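First the structure, in the form of structure tokens, and then the observations on it.
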Amino acid sequence: TMLPLLVLLPLLLALIWATVTRGLSPLNSFAAALRSRSEDALEPLPATKLPDEIIPLVDSLNDLLDRLKRSLDLQKSFIADAAHELRTPMNAILGFSQLLVRSPDMTEGQRQQLATILRSGEHLLELINEILEMSRIESGRVTLNAGPFDLHLMIDDAERMFRLRAEAKQLAFSVERHPGLSQHVVADETKLRQIVINLLGNAMKFTPAGGRVVLRIGTVSDSHGGLRLHGEVEDTGVGIAPEDLGGLFQPFFQTQAGRQSPGGTGLGLSISRHFARLMGGDIGVSSRKGEGSIFRFEVVLALSSTARPRVE
């Protein structure tokens, strides 16, 4: 993100100087765009209000912006393709490792070594999937795939998954369901599950032994006859420093605790917020350093009379 700014800086300085000396200000929106470093805001500068002698400079700048956008598109395409190509052999490595672990010919030492390979491979596959998902998000290729499913079963699956992790880390873990929680709903189950898994995973990662993690979840009808799911994940972990809260949902951003913890890309929360907003909701956080955090999320659902059969 810094390279485009460094390349554009000389042209911008020249254009700003010429503009200021003539009492004009056509660069306000573009300057704000550069401050946010958002590639979506890299739109051509308007030349309608500029003096004739400055228009060639604006044309040159617009041409440079166009080339930068094309370069970024190629970069995203390469990342997506590379992540996809890495994921295929990783799945094969994990699959054969799992088969070898079950082999009766393996010694206990060999099983422990294979278990290390499996854990490392699963972590690497998780990183690859996050990078691939973020590349899809940035290229605008992420869409909703809504369908009927059993919300209670999805929560049960998440509870079973994290129950073992909590026990291994000596954490108190509970799931609190609102009494009126709807069961058969319509939404993108995969994205909703990913939001819950990301938030629970972070809570357990940053909560030391003896701490507590709680998932609270419920559904309420809105004023338009729709259905909204409200959830929160509370932990008694290390908490988040006030200076880290502003960038928490930015891609690749990591808190001080995150930088000190092994693993992680800083993409999970960014992906989760994108999914929540895509589903008509959002994610927010309140936290006190040294005391813990509460991540609140909501998404829009619809009621369904039946759920699709689950394949176990």
Side-chain angles (χ1 to χ4, degrees), residues 38-41 72-73 76-77 79-81 83-84 87 91 125-159 161 177-178 180-202 215-233 248-253 265-285 295-312:
S38 169
E39 72 162 284
D40 293 333
L72 288 171
D73 289 340
K76 285 185 205 170
S77 178
I79 292 173
D81 291 342
H84 180 75
R87 188 168 58 173
N91 281 320
L125 185 60
E126 180 183 350
L127 299 183
I128 292 170
N129 286 336
E130 286 186 346
I131 292 172
L132 181 59
E133 196 63 53
M134 182 54 64
S135 71
R136 288 174 178 161
I137 288 172
E138 290 187 342
S139 61
R141 290 185 291 172
V142 175
T143 57
L144 287 177
N145 183 24
F149 68 96
D150 190 320
L151 180 59
H152 290 197
L153 278 178
M154 192 206 80
I155 298 170
D156 289 342
D157 287 346
E159 183 175 8
M161 180 189 307
R177 298 169 176 81
H178 188 274
L181 180 68
S182 300
Q183 181 171 4
H184 300 299
V185 298
V186 177
D188 191 320
E189 181 182 7
T190 301
K191 290 182 176 57
L192 178 57
R193 181 188 291 108
Q194 192 63 48
I195 292 171
V196 173
I197 288 174
N198 281 343
L199 295 182
L200 283 175
N202 280 347
L215 168 64
R216 302 183 183 94
I217 197 159
T219 50
V220 295
S221 299
D222 60 27
S223 57
H224 303 290
L227 189 68
R228 299 188 76 86
L229 180 143
H230 295 269
E232 66 179 34
V233 174
L248 196 60
F249 294 97
Q250 296 300 316
F252 301 106
F253 181 86
T265 59
L267 291 174
L269 286 177
S270 179
I271 292 172
S272 295
R273 170 171 270 189
H274 183 85
F275 285 172
R277 289 179 171 177
L278 195 62
M279 298 175 72
D282 206 347
I283 297 180
V285 61
F295 282 83
R296 298 178 176 88
F297 64 95
E298 69 173 25
V299 297
V300 174
L301 309 174
L303 283 173
S304 172
S305 57
T306 59
R308 291 180 294 185
R310 294 282 297 268
V311 178
E312 301 295 342

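Please read these numbers as outputs of a predicted model, since none were measured by experiment.
- Nearest approach of S272 to Q194, heavy atoms of both residues: OG-O, 4.3 Å.
- To the nearest 0.5 Å, atom CG of residue N145 and atom OG1 of residue T190 are 7.0 Å apart.
- Interatomic distance, CG of L269 versus CZ of F295, reported as 5.0 Å (0.5 Å rounding).
- Of the inter-residue distances, the one linking D156 atom CG with M154 atom CE reads 9.5 Å to the nearest 0.5 angstrom.
- For the pair A276 and I283, the tightest heavy-atom approach, listed with the atom from each and the gap, is CB-CG1, 3.8 Å.
- Looking at L200 and M161, their side chains never come closer than 4.5 Å, going by heavy atoms from C-beta outward.
- What you find for H178 and G218 is that their closest heavy atoms are CB-CA, 3.6 Å.
- Between L301 and A187, the closest heavy-atom pair is CD2-CB, 3.4 Å.
- The closest donor-acceptor contact from the side chain of D282 to the backbone of R277 lies at 3.5 Å or more, if one exists at all.
- Here the closest non-hydrogen pair linking S182 and L303 is OG-CD2, 3.7 Å.
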- Step by step, work out the side chain to side chain contact (heavy atoms under 4.5 Å, CB included) result for V285 and F249. CA-CA 10 Å; V285 61; F249 294 97; 4.1 Å; yes

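- Side-chain atoms of V186 and P148, non-hydrogen and from C-beta on, do get closer than 4.5 Å to each other.
- Not a single donor-acceptor pair under 3.5 Å links the side chain of R216 to the backbone N or O of H230.
- Rounded to the nearest 0.5 Å, atoms CD (Q183) and OG1 (T219) are 11.0 Å apart.
- The closest donor-acceptor contact from the side chain of H152 to the backbone of L181 lies under 3.5 Å.
- Taking CG of D157 as the reference point, atom CD of E159 lies at 10.0 Å (rounded to 0.5 Å).
- For the residue pair F297 and E232, the shortest heavy atom distance occurs at CE2-N, 3.8 Å.
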- After noting the C-alpha distance and the side-chain angles of L227 and S221, does the key distance pass the side chain to side chain contact (heavy atoms under 4.5 Å, CB included) rule? CA-CA 5 Å; L227 189 68; S221 299; 4.2 Å; yes

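- Taking the side chain as every heavy atom from C-beta outward, E298 and L229 never approach each other to under 4.5 Å.
- How far CG of L153 is from NE2 of H184: 8.5 Å, rounded to the nearest 0.5 Å.
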- Task: May I have the step-by-step check of side chain to side chain contact (heavy atoms under 4.5 Å, CB included) for M279 and L144, ending in yes or no?
- Result: CA-CA 7 Å; M279 298 175 72; L144 287 177; 3.6 Å; yes

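- Residues L151 and L192 have side chains in contact (heavy-atom distance under 4.5 Å, counting atoms from C-beta outward).
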